[in-house]
Student: 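I'd like to ask some things about the structure below.
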Amino acid sequence: MAALLRSARLLKFSPSGVLQVTGTKRSGPLISRFYGGAPGGRRTGVCFRQISPASGNVSSGVWPAALGSVRSYAVATEQNDEPSIAVRSKQAQMFDWALDKLDSSVRRTGRVTKTLLLRIFHDTCRTGYPSGNQALLLLRSCGTLLPEVHMEERTELAHHMWQKLQELGAQYDVSHYNALLKVYLQNEFKFSPTDFLAKMEAANVQPNRVTYQRLITAFCQNGNIEGASTILGFMKSKDLPITEAVFNSLVMGHARAGDMDSAHNILSVMRGAGIEPGPDTYMSLLTSYAEKGDMDSLKKTLEAAENADCSLMDRDLMRIIFTLAKAGHQQHIPEIVERLRHERTYVADAMNMCLSLITQGLEDTALSLLKTFPKMQSNSVSDSPQMGSFFLRHCIDMDTAVEKITSYCKDLEESNLHTAPLVFCLFCALGAKKTEVSLKLMQKMKEQDLPIRPHYFFPLLVPHVKDNNVNGVVDLVKSMQQLGVAPDVDTLSNYILPVFSDLEKARQTLKDAGISLESEGFMFSEVRLLAVKNLAELYALLLNPSVQSLDPHVFLGSLIVGFRKSTDVETMVKITDLLYKNERFYNESDPEAVPYFLYNLIESMSAREVQEQEDKLRTYFNQLHTQNIMISRNIFKGIRNLLESYHVPELIKDVIALVGRDERVPASEIVGNNRVLILETKLAELKAENKPIGPVFKKTIQALCFEENLQRALELKQQHDEEMTASCYATLIQLCCRHNNVEEALNLKREMSRKDSLALDTNKYIALVKVLSMNGRVDDAVEVLMEMREKDVVIDDRHVTMLFHVLNEAKGGAPTIQQLQDTIFTLGLTKPSANLCGPLITAYLDSKDLSGALEAAIECYKRYKCLPRIHDILVGLVDKGDTELLQKAMDFVNQKRGEMIMLYKLFFAFLQTGRYREARKIIETPGLRAMPGRLQWYAEKCIFANEMEALEQMVDATAKLFECDRDEMYSYVLRLCKKRNDWRKAEAMWTKMQEENVIPRERTLLLLADILKSNGKEVPFEVPKTWYRHVEAAQQVEPNTAATPANYDSEYQERVLALCTKGKAKVAYAMLTENLKKGMTLSPMGYDHLIRALLAEGSVEKALAVKYIAEAHLPAFRLSDVAASLFIITQSRKGQAKDALEKFKSMLQADQVPMKLSITRLVQALGKQGDVASIDEVQSLIRGFGISFNLSTMMFTNNKALAHIHNGDLESAVEMLEEIYTSAGSRHPSMAYVFRKVLEDGNDKALDRLSAMADRLANHFACYTPATDLFLQLLDKDKVEDAKLMLARCNVLAEQKEKFVLYMSQKSKSPGQVGRIKALQSLVPDFTEKESLYRYLIKCHALDKDLPAAKALYEQMQAEGVHVDELTLKRLAVLYSNAGEQAPFPEPPESFKFYADKLKQSLSKSQTASEE
Amino acid sequence: MAAPTKKVFEIFVTRVPWTVANREIREYFGQFGTVKRCKLLFDKDTGFHKGFCWIGFATEEGLNNALKKEPHLLEGAKLQVQRNRTSFVDHRSHRDNDDD
């Protein structure tokens, strides 16, 4: 440190440095003296280039030690200062996230946006205790990565971050100082290098080679060669290598000092020192000439660079352009632009350059660069070129003058770079809420005769409406008027009137501001307002003949709200009558406006509302009848259905009176529900009247299919064969397939083809193929496949999976599968894949025909270039010892995939069959190298299948394998040890690693420590400290941080603790209150435990009391995270959501981390109370806290939806959910929770609404999650009929098999669920294979202890020839023996786990079959 | 499940350019048949609409005409038009601003 102190001081006090340098001219030879000792110049130079952005801790031997000491210093201080270590967990996750985010931004676009950077910075700050890595990441991003930000602002940002992060406890080492220097250089920030060194010195941080290099650059940027030489002196005295980078800086330094000769001379000095000038050297020279505008020398240098084989990239040329522009030599730019070669990354680089230029106010140059962009291939009309968008957007962001912008717009439009530049500018300005620019742009648009519309003002009005800013709104309305835009009704009622307390005031203020109120919009708004508030006044207004004709649609919505609230039936009738009869309101194009209004009125009311207002509605309807207001039959049916669903059928007869006499309502329509019956009655009616029955017939068939009534559907078809349409056939065919009725399905299909050449949809075709091939009707199946080809049926990934199952389940063994598979591929229905070829090989393997399997695999390769299940084939061959065939297989693989792959395949086959000696020989083949991917594949396979021996053998055998990552290999074994909880093996591995001199990674050590610890063994090494260790520790330590009081009695404390652990919290509480009188107290931990124990019993009040006592005794007392979380949970559970919310907030303030469960409970409690705003608050607080709790955002969304539903605001709930599912990139999270709650609450109205939403999402957006969720929830609530209807409406649901299987496996974990699984199976018969279905059913029976049912199922399985696996047998056997009966088969001897694993293994095999 | 029996002829339109609002959309689709309703949602925070809307025609003819036309070009943007297969009931808001 002393040396450093001295060096900095010297620099400070003698600016000329230790070496007297007189005159810059002489610095050339002088410098060369320094480099005399530069070790291996060229090499280090290259090395530096490669590692340039990182700190230079790689190059010289001196540095690791020095760095090491810095690091250990940093670590030491960190350890002294760890009050809130829990935060580190979040921080570690945060870091990865931020890194990813920044990294991907840089990789994609070569830049970072300021918004993103600031967001990450603020998140880091809020989390607190930023790590060194985070600080480095943030600092590094404040330079050229932000082309959209001014240089000064970037430096300011870096300083702000530096200071803030330091305050928050970030430890800075030399890498941070170097990063800051780099930022300074990139931002051309003027600073004093001496002060900088002094600062480092004060912070006790030792500068390194990179620091000196950058300081030299800093001096050179200012043309200060003397300063640079001084630093060089230091480097020399410290034996630091002088690299190319230093020379490059010196070139710039001399140039900036005005001495171009010396600058140029540096190149020969470099050569003299054994370093060839590189591209960066030439760039230094080139930019220097560019600054001076010396084009001749510039061009000469370009040639020289080319001759020296230093090719310059487009990026470099752009830097020259940038320099020319900045120095005001625009006239030379075209010459350089011509030299651009348009490399692969051209557009991204040029975009960044444009942005930088605009930021610098050099928009003209940016525009000329923009014009060099390759023209987009616009092949369709709509994809019009919008290349200039980013340019315009940044101009708007940088507040470029509107006049300039409009001229660019004209230019861009003319040069075909943008079709609507002005409009786009307005869009950006509005988005950035720049009112002045927006208004000016609109003025320009008006001048160009572009339309200005009222909604253009919405974005500008939004903030004023939010702030209730009357002046802001009035000003904008004035601007609208000036631009000749009359506010329409939407603008008025949503964005203008809401800021006024009442209509009169609004009228007055606007009038005073000179705004015309003549627009019809104002009148509309008034009508709307009155409709909601005062029906009588509204009626008076409507009666006023001065009111011009008015489209009632404008206010019918508000009228519904008014009608629902009003009790004034008389006025309601009067208004309805007026709308119905008065020609001013009657709209000819929509004669049903009033009847439809009645429907909407009822529809908008909830069941409860209708029930409560039954009398009012009855009077209303009756009086409408006396006024001769009539509705159509359709409207009647709609209202009837609503009333039925609201359970108010009594009102139906009052509504029926409104139906005109000429539209007699048949009795069946009044009946309502039973769909099939109604339809069949209607069918008979129509037939009797000799009317066309087509549509009704179709509906009847569909209804019957929904009810799975195949027989009746077929009967009906027989009766009305002539009415069968393609869609009827399709529905029926699918039903037949579901019922495995192959004959009928085929007949129908043939009949359909005779009548009509229409195609079925893909699902139905494949279902047909499946049912045919399952029944051995291969030829027919092939025929259907061919038809699919002919009809050009579209096949997507889902269908490919379906085809895989078709092949897997085809009856008739390999030849059948072969035929189907070949047909599928030769027809080109889908691309051949190893996966689809798998079933064929499986068939051969199952029949032990290895030669067949091999032949088939080879054939697959020849024809389709994929090798299905080759590993399994080889294993079979090795096992059987068929060397001849094995040789053939290996020759083939060798020939097709190369020797390396062949050897690996053989290696794995030997390992798999236990032939370890042979395996070892293979892997020791000279020249073989590690293929990490292959090794990992086999290791994972072993871990999954619990094959320790094979895995260990693999690790042993690969010890000498070239480039084999030994730590990785051992970690595989340790992972399996952990899975088996085998600490002995783990410990042996540890020893082995030492033997082998393997240096384990942290992760490996942690894994090992974990296994040992969980078995109560001592850990023989120091466990690396990582955040998640700290979390555990912190939870125990934290309560102790408050000082223990004087009169604290450890015996008393122990008794309290003992009572707490025994669950006798109340007794402990009594003891506490008793001892309190004696002045005895507990330690903070004692209080904390007691509070936790009380909360665990649900005694919030007592817990609170203890908290107060503790706080009274120990001022520093703070609840531990766990206790505070328990508070939240308990209060939430008791419905005290407000209190819980307060607690939660105070926790966050105190930097405590609430438990995940507590947040969930809190949000649920808020949802239950309909408190949407608070849920939003919690969500934003958590986001602000910067921790990922792994809470799904759906938890918030679902509870918000429930809150809306609780408030009766279905609209918002649906809107919000819909947005989640329709937004691009949505991963379609589950909303099952919402459905469950709504079902539990019996809120039918909400359910209808949500169900309609689910239908819509499924049908329009191909998003099946909500529908599937609802379907399963309905099943779960035993509403099988509803579920069936749901399936009928949306039959794609039947394809959601994975979810169904998941549902089944979850259900089978708790008793009493057999019915649900069976119901699922009855609705979606083919959702899983029989074998797995039966396995789960047996599991359920076992859980239910229902031996008779299990017996019956077992018999059924045998009768159906379904394979009974050992796990199922084991379950059955235990069930038998528990019931005291003898099982009719021997009980499998091993444990449940053994068979479960075995089963998993065999299942995984069928999956991994596709791996090869 | 109270499905309304009234026939509805609706389309669902996406990629609606920001420059157009209800009036323009109605005008455009008016060429195919009488537009009974048009629902375009505005984002209350940004003041821009969300880029999709629902349109209900008075007649099946209007609906079919609209579906037949390809491409739908409005102010230089290509609208994506598809049939709205489920009932309108759920989109219909009882606030007038969505349904003028």
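In what follows, chains carry the letters A, B, and so on, assigned in the order in which the sequence lines appear, proteins first and then strands, with residues in each chain numbered from 1. Everything numeric in this text was worked out from a predicted model, so none of it was measured.
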Student: Taking all heavy atoms of A:Lys433 and all of B:Thr46, pick out the closest pair and write down the distance.
Tutor: NZ-O, 3.5 Å
Student: Could you tell me which portion of A:Leu1210 (side chain, backbone, both or neither) has an atom closer than 4.5 angstrom to a non-hydrogen atom of chain B?
Tutor: neither
Student: State which residues pass side-chain hydrogen bond (donor to acceptor under 3.5 Å, both in side chains) with A:Thr491; sequence neighbours excluded, sorted by chain then number.
Tutor: A:Asp488
Student: CZ of B:Phe42 to CZ of A:Phe458: how many Å apart, nearest 0.5 Å?
Tutor: 5.0 Å
Student: Go through the steps for A:Asp490 and B:Asn22 under the test side-chain contact (heavy atoms from CB on, under 4.5 Å), then give the verdict.
Tutor: CA-CA 10 Å; A:Asp490 286 345; B:Asn22 275 300; 3.8 Å; yes
Student: Other residues, nucleotides and ligands only: do more than 12 of their heavy atoms fall within 6.0 Å of CD on B:Glu61?
Tutor: no
Student: Nearest 0.5 Å, please: how far is CZ in A:Arg1256 from CH2 in B:Trp54?
Tutor: 6.0 Å
Student: So does A:Arg453 pair up with B:Glu75, basic N to acidic O under 4.0 Å?
Tutor: yes
Student: Would you call the rings of B:Trp18 and A:His455 parallel, tilted or perpendicular, where under 30° means parallel and over 60° means perpendicular?
Tutor: perpendicular
Student: Does any heavy atom of chain B fall under 4.5 Å from the side chain of A:Tyr495, the backbone, both, or neither of them?
Tutor: side chain
Student: For the NZ atom on B:Lys50, are there more than 12 heavy atoms of other groups (residues, nucleotides or ligands in this structure) within a distance under 6.0 Å?
Tutor: yes
Student: Kindly compute the distance separating CG (A:Leu450) from OG1 (B:Thr19), expressed to the nearest 0.5 Å.
Tutor: 10.0 Å
Student: Determine the minimum heavy-atom distance between B:Gly47 and A:Pro459, stating which atoms define it.
Tutor: O-CD, 3.6 Å
Student: side-chain contact (heavy atoms from CB on, under 4.5 Å) for A:Glu1215 and B:Leu41? Distances and angles first, verdict last.
Tutor: CA-CA 10 Å; A:Glu1215 198 175 296; B:Leu41 292 176; 4.3 Å; yes
Student: Is NZ or CZ of B:Lys36 both nearer than 6.0 Å to the six-membered ring centre of A:Tyr596 and within 45° of the ring axis?
Tutor: yes
